Every structure is written in C-alpha cells, then in structure tokens.
There are 2 protein chains.
Amino acid sequence: MKKEHRILADYLKQKGLKQTYQRFFILDKFLAAKRHLSADELHAMVREQNPKIGFSTVYRTLKLFTECGLAKEVNFGDGRARFERAIDRSQHGHLICANCGKAEEFTLGSVEKTIARIASRHGFKIERFRFKIYGLCKKCR
Amino acid sequence: MKKEHRILADYLKQKGLKQTYQRFFILDKFLAAKRHLSADELHAMVREQNPKIGFSTVYRTLKLFTECGLAKEVNFGDGRARFERAIDRSQHGHLICANCGKAEEFTLGSVEKTIARIASRHGFKIERFRFKIYGLCKKCR
DNA sequence: ACTATCATGATAGTGATACTCAAAATCAAT
DNA sequence: ATTGATTTTGAGTATCACTATCATGATAGT
C-alpha cells in the first residue's frame with residue numbers, strides 16, 4: 001500500500017470518515033499529476049477514466065487532502081486555487097510566468113532562517129509561508 | 001497639489017483619460033486608509049461622505065491606481081483582492097494573521113539579493129514578487 | 001456653447017467556490 | 001449476510017467577488 005494511501009486511510013479512520021472508492025481513485029490521479037492542478041483540471045483527468053465522479057467530489061476531496069497534509073493549496077493570482085503534493089517535499093517558492101501561467105519551483109533553504117528571525121521579531125507564530133515571484137520564464141521572455 | 005494627485009493627473013493626461021471628481025476623491029480616501037483595503041471596504045468609506053459614488057467606480061478606480069503605480073494589489077488568500085499604497089514605500093512582505101485577518105508588514109532588504117540570484121539561475125525575468133507569512137499575530141496567538 | 005469622447009452607476013453576467021438534499025455507499029453490530 | 005445508523009456522493013442551486021454592459025451624465029477641445 002502506498003504511503004499516501006496509508007496517510008489518507010489513517011486520517012479517515014481517526015476522523016470517523018469513510019474509506020470510499022472515489023477518495024482513493026482521486027488520490028492516485030492527484031499523485032500522478034506533474035503540474036499544479038486546479039479542482040477543475042483534476043476533475044477533467046479523473047473523468048477520463050471515471051465519468052461518474054462529479055466535480056463536487058473532486059473539489060471536496062482536495063480540501064480533504066489539504067486537511068490531512070497530503071496537499072497544499074497554492075494561489076497564483078488567476079482567481080483559481082491550485083493544489084500541489086505536500087508529502088516528502090522540501091519548502092519551496094514559485095516562479096510564476098505571466099505569459100504561459102506555468103509555475104516552476106525553487107528551494108527556500110537559504111531563506112528559512114531569515115523567515116524565522118522576522119517572525120520572532122514581530123512576535124508572530126508561523127503556520128506556513130508563501131514566496132512567489134511573478135515574471136517571465138525562460139521560454140516566454 | 002499632493003504628489004499622488006500629480007501622478008494620477010499626469011497618467012490620465014498621458015492616456016487621454018478624464019480628470020473626474022470621483023477619481024481624486026477616491027484617491028484621497030485611499031491614501032487616508034491605514035489598512036489594506038478591498039474594493040468593498042474602500043467603497044464603504046467613500047460612500048460615507050459621498051453616497052452617490054457607486055461600487056463600479058471605486059473598483060475601476062483601484063485598477064487605475066494599480067496601472068499608474070499608485071497602488072499594489074495584494075491577496076491574502078481570503079478570496080478578495082486588497083490594495084495598498086505603492087508610492088515611496090520600500091519592498092516588504094506580509095505577516096497575515098489567520099485569526100484577526102490583519103496584515104503586518106516586514107522589510108525585505110536582506111532577501112532581495114537572494115531573490116535576484118534565484119531568478120537569474122532559472123533564466124526568469126522578475127516583474128514583481130510576493131512574500132507572505134501566515135500564522136498568528138502577537139495579540140491572537 | 002457645441003460636440004466628440006470618456007466616465008459613471010445601476011444592473012446583469014460570469015466563474016469559482018460553497019451549500020443542499022435525495023439516493024447510494026460504507027461500516028459496525030447483530 | 002442483513003440490518004440500520006451515518007456518511008458520501010453527485011446534481012443542482014446559491015453565493016460571493018469580480019467583470020461586462022449600457023444608457024445617462026460629465027469632461028474637454030474646438
């Protein structure tokens with residue numbers, strides 16, 4: 001059993017929720033994706049193999065993934081939430097192209113100490129942070 | 001004449017747009033605000049003294065301010081765009097409280113070099129960047 | 001003052017997200 | 001395996017922020 005299936009299964013049990021076919025099917029599709037997906041885009045992928053699964057279910061399931069730490073919601077300013085894998089991934093920022101809309105990632109190792117220092121100076125308790133650079137990617141510039 | 005009025009007036013002239021009462025009235029209200037405002041919130045402030053001014057005008061005028069560099073659009077993840085002054089202000093990030101929703105600011109001086117380095121490594125042309133830390137502020141923690 | 005053009009403000013439209021509910025699925029207890 | 005309580009699903013609808021439309025009104029050059 002995949003690590004991510006285990007995490008989802010445990011979370012469902014802990015919360016008294018049910019292990020449904022849809023939830024694990026959507027999880028597999030989500031993990032297979034290479035890009036940052038919106039609920040709409042993931043639904044399109046899911047529906048290719050499984051046209052019965054509705055948008056609502058995909059949408060709610062993505063929220064569920066976010067709750068149990070399997071996914072992170074990211075927002076690139078185009079008015080639709082996107083989701084990315086959040087297991088076994090180091091902190092990273094996004095380079096978002098204004099032309100093609102694709103998002104590259106960059107590691108944040110060198111910035112993390114700075115972030116911690118800033119927060120403590122303001123008496124602020126960090127839950128999470130987002131670092132985004134908007135501009136033009138190599139291809140589009 | 002205020003510096004910001006000058007900037008707006010020049011921009012309007014350059015673009016062949018008209019100098020209207022509303023545009024300058026909204027600008028004054030915008031500049032007087034201490035917080036990060038949404039179009040809705042600014043409209044509420046404007047309407048106190050001037051109930052005739054509609055939401056559409058406030059909304060469009062904020063876009064106009066953004067075009068001419070008087071304002072910046074920021075998004076704190078609550079699904080509504082907010083605007084902040086952008087003249088004579090150094091680059092800064094935001095500390096956004098998950099409880100009260102208020103946003104403090106922090107300076108980014110030490111991070112800017114890092115950002116430039118990251119971008120050049122990816123062949124990415126920076127237009128702008130956003131650095132946001134979500135968590136609990138001093139009061140709410 | 002006249003006229004072309006732009007701006008305004010009310011209304012309606014759009015798209016993403018969130019809610020509702022009847023029918024179906026899950027799961028613990030028998 | 002059957003039952004029954006409870007959750008989930010999927011379709012439809014509602015809501016919210018934002019955007020477009022358009023008739024009326026304001027602006028600015030002549």
Side-chain angles (χ1 to χ4, degrees), chain A residues 5 8-27 29-30 36-68 71-83 101, chain B residues 5 8-27 29-30 36-68 71-83 101:
Chain A
H5 280 223
L8 178 57
D10 288 351
Y11 182 80
L12 294 173
K13 183 166 280 180
Q14 175 215 322
K15 287 275 181 181
L17 304 175
K18 294 179 177 170
Q19 323 259 330
T20 66
Y21 167 72
Q22 288 90 332
R23 283 172 175 163
F24 290 92
F25 184 85
I26 293 168
L27 179 55
K29 287 289 151 197
F30 173 67
H36 298 87
L37 294 176
S38 66
D40 223 30
E41 288 166 339
L42 182 56
H43 180 227
M45 290 176 56
V46 163
R47 135 164 286 182
E48 277 177 26
Q49 280 180 47
N50 212 323
K52 290 277 194 67
I53 294 178
F55 172 78
S56 303
T57 301
V58 173
Y59 175 80
R60 284 182 296 224
T61 304
L62 277 170
K63 292 276 171 196
L64 185 70
F65 293 169
T66 306
E67 278 170 43
C68 68
K72 270 187 188 168
E73 191 175 327
V74 288
N75 211 296
F76 297 156
D78 62 348
R80 58 209 299 214
R82 289 166 186 281
F83 297 83
Chain B
H5 280 222
L8 178 56
D10 288 352
Y11 182 78
L12 293 174
K13 183 166 279 178
Q14 175 214 321
K15 287 275 181 179
L17 304 174
K18 295 183 176 166
Q19 323 259 329
T20 67
Y21 167 71
Q22 288 90 332
R23 282 169 175 166
F24 290 93
F25 184 85
I26 293 168
L27 179 54
K29 287 289 150 197
F30 174 66
H36 299 86
L37 294 176
S38 66
D40 223 29
E41 288 166 339
L42 183 55
H43 180 227
M45 290 177 55
V46 164
R47 136 165 285 182
E48 277 176 27
Q49 279 179 49
N50 212 323
K52 290 277 194 66
I53 294 178
F55 172 79
S56 303
T57 302
V58 173
Y59 174 80
R60 284 183 296 227
T61 304
L62 277 169
K63 291 275 173 198
L64 184 70
F65 293 168
T66 305
E67 279 170 42
C68 66
K72 270 188 187 167
E73 191 175 328
V74 289
N75 210 295
F76 297 155
D78 62 349
R80 59 210 297 214
R82 290 165 187 279
F83 296 83

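Here the structure is a predicted model, which means the values were calculated and not measured. We use all heavy atoms of the structure for the numbers below, so side chains are in, but hydrogens, waters and symmetry mates are not. Naming convention: chains lettered A, B, ... in sequence-line order (proteins, then strands); numbering from 1 in each chain.
- In this structure, B:F30 has its ring center at least 6.0 angstrom away from the ring center of B:F83.
- If you take CZ of B:F24 and C1' of D:dA26, they are 14 Å apart, rounded to a whole angstrom.
- As rounded to whole Å, 14 Å separates atom C1' of C:dA16 from atom CG of A:L62.
- Between B:R23 and B:L12 the shortest side-chain heavy-atom distance falls below 4.5 Å.
- For the pair B:H43 (side chain) and B:I53 (backbone), a donor-acceptor distance under 3.5 Å is present.
- Between the A:R80 side chain and the A:D40 main chain, no donor and acceptor come within less than 3.5 Å of each other.
- In this structure, A:K63 atom NZ and D:dT7 atom P are separated by 21 Å, rounded to whole Å.
- Summarising the base pairing, D:dA17 is matched to C:dT14 through a Watson-Crick or G-U wobble pair whose two defining distances lie under 3.5 Å.
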Step by step, work out the side-chain contact (heavy atoms from CB on, under 4.5 Å) result for A:K52 and A:R47. CA-CA 7 Å; A:K52 290 277 194 67; A:R47 135 164 286 182; over 6 Å; no
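- For the pair A:Q22 (side chain) and A:T57 (backbone), a donor-acceptor distance under 3.5 Å is absent.
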What string of B, S and - do you get for nucleotides 8-14 of chain D, 5' to 3', if B is base contact, S is sugar-phosphate-only contact and - is no contact with any protein heavy atom under 4.0 Å? SBBBB--
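- Between A:E41 and A:R82 there is a salt bridge, with a side-chain nitrogen of the basic residue lying less than 4.0 Å from a carboxylate oxygen of the acidic one.
- Within residues 73-81 of chain B, the residues that have a heavy atom under 4.0 Å from DNA chain D are, in order of number, B:G79, B:R80, B:A81.
- Using a 4.0 Å heavy-atom distance criterion, A:K13 is classed as making no nucleic acid contact.
- The CG atom of A:L8 sits 14 Å away from the P atom of C:dT26 (whole-angstrom rounding).
- A salt bridge links A:K63 with A:E73: the closest approach of a Lys/Arg side-chain nitrogen to an acidic carboxylate oxygen falls below 4.0 angstrom.
- Across all strands, B:K15 comes closer than 4.0 Å to no nucleic acid atom at all (heavy-atom distances).
- When the P atom of C:dT17 is taken as reference, atom NE2 of A:H43 falls 14 Å away, rounded to whole Å.
- Distance A:E41 CD to C:dA16 P: 10 Å, rounded to the nearest Å.
- Along DNA chain D, the nucleotide closest to B:Q19 and the one closest to B:D40 are compared, and the more 5′ of them pairs with B:D40.
- For the pairing with A:M45, the side-chain contact (heavy atoms from CB on, under 4.5 Å) check across A:L37, A:N50, A:I26 returns one residue only, A:L37.
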